[in-house]
Amino acid sequence: MKMLLLLISLSALYQPMIYARTDYIYPGKVWPDVKSNPINAHGGGIYYDGEYYYFYGEYRVGKSIFSNEWQGSNQKVNMYRSKDLVHWMPVGIVLDLSHLPENYQLERPKIIYNKKNKEYVMWFHLEKNKKFTDGSGEAGVATSNNITGPYTFISASYSNAGVKPFSPAANTDSSNWFVRQANKRFEKYFSRGQPVRDMALFVDDDEKAYLIYESEDNYSLQVARLSDDYKSFSGVYSRILVGQLNEAPSIMKYKNKYYLITSGLSGYRPNAARISVADNILGPWVTLGNPISSFNSNDILTSFHSQPTYILKVKSDKYIYLGDRWDFKNNSYSDLWKSTYVWLPINFSNEIPSISWVEKLSPD
């Protein structure tokens, strides 16, 4: 009986805290759903179907108190829906890879809709056993006939094996050490296919879809056009921002120009964001600097203590930056499930984007 009471007590200690609902978005603070539980959708994005917004991302949990084994890890995609971007109703787990023998770890899910096939297609970064070794990182694909799933896992692969890039942006400056390292790694993986890690997914005005992803052992990004069904690589791709060490890409299109907001390479630790622009999504891309606007140097150096994950277009010329404020205290992966979200408006001046802090956002 004492053991039973102890287990019940310990279980109660590890239940999610209940939070009061709010009528505003408070960047960086715990964001409760309509059932007063913290939203658990990290590294994800938003899909809008004309009626509802669907907020989805990595479903993360911590370590079990009874074991040192990682429990659940990030092998699932969780989803919520809302009509106003503030009050979110849980939909539940829409993709679950925990049954696969590869023990894949999932990050950065993104969803697009294929109008021709009337099918939702999800892409995501996969790692085996959380090793993150050189050359690892595959692109996972899953599909569903409904935005709310369930999504069926289709495949995992490296990108564009044995295919030469369409590369107006490839930098072959041999005097730059970082470019040399990127080029060496590109050649190393050419026959096998390029590694895929942090990613963005984008459907252009002509319905062509593109995957933008961290590659070449994190030294460069690549932009790959997808097949007509959005479920595989088409063989058309380019290397961009070669040797510039970007991750966490997010993309938007404004006045016929493409913009990428990325972070530097520091994992779950925040750093200074970068903004790049191109007239053609395949490049060349030009870096504009840091989009964070603040009088506080720490805000600029940490992107308001966040890492980009998605850019949400809410009107014809209105965009919101979506970032994760990773909870990585004491270098502990166990607390990543506690991470919060930093949503901030993106402003344009002379076609240059900037992001400033606001204490709260309203549905308007």
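Heavy-atom basis, side chains included; hydrogens, waters and symmetry copies ignored.
- Annotation: F348 is in aromatic contact with Y259 [ring centroid separation under 6.0 Å].
- Ion pairing of E119 with K231 is present here, as a side-chain N (NZ or NE/NH1/NH2) and a carboxylate O approach within less than 4.0 Å.
- Applying the 6.0 Å contact sphere to CG of N331 captures more than 12 heavy atoms from other residues, nucleotides or ligands.
- Side-chain N or O atoms of Q194 include none that pairs as donor or acceptor with a backbone N or O of N160 at under 3.5 Å.
- Ring geometry for W88 against W31 counts as perpendicular: the plane angle is over 60°, on a 0 to 90° scale with 30° as the lower cut.
- For Y54, the ring-ring contact (aromatic ring centres under 6.0 Å, His included) criterion is met by no residue, not counting sequence neighbours.
- In this structure, S82 contributes its side chain and Y53 its backbone to no donor-acceptor pair below 3.5 Å.
- In this structure, R192 is positioned above the aromatic face of Y158, its NZ or CZ under 6.0 Å from the six-membered ring centre and within 45° of the axis.
- Checked against the 6.0 Å centroid threshold, Y113 and Y120 count as a close aromatic pair.
- Of the N and O atoms on the side chains of E216 and Q181, not one donor lies less than 3.5 Å from an acceptor on the other residue.
- Side chain of N350 to backbone of I352: no donor-acceptor contact under 3.5 angstrom is found.
- When all heavy atoms are compared, the tightest approach of P27 to L344 is CG-CD2, 3.8 Å.
- A distance-only check finds no donor-acceptor pair linking the side chain of S238 to the backbone of G283 [under 3.5 Å].
- In this structure, the ring of W123 has its center less than 6.0 angstrom from the ring center of F233.
- No cation-pi contact links R225 to Y210, judged by a cut-off of 6.0 Å to the six-membered ring centre and 45° from its axis.
- Distance alone, capped at 3.5 Å, is enough to place a donor-acceptor pair between the Y80 side chain and the N40 backbone.
- Screening residues 288-302 for side-chain hydrogen bond (donor to acceptor under 3.5 Å, both in side chains) gives S294-D299 as the qualifying pairs, with residues at least two apart or on separate chains.
- In this structure, Y341 has its ring center closer than 6.0 angstrom to the ring center of F55.
- Considering only residues two or more places apart in sequence or on other chains, F328 meets the ring-ring contact (aromatic ring centres under 6.0 Å, His included) condition with Y268, Y333.
- Ion pairing between a basic and an acidic side chain is recognised when a charged N comes within 4.0 Å of a carboxylate O; D204 and K253 show such pairing.
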Would E107 and R60 count as a salt bridge (Lys or Arg N to Asp or Glu O under 4.0 Å) here? Give the steps. CA-CA 10 Å; E107 291 189 331; R60 288 184 173 271; 3.7 Å; yes
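- Side chains of T262 and R274 form a contact here, defined as non-hydrogen atoms less than 4.5 Å apart.
- Not one N or O on the side chain of Y24 forms a donor-acceptor pair closer than 3.5 Å with the backbone of Y26.
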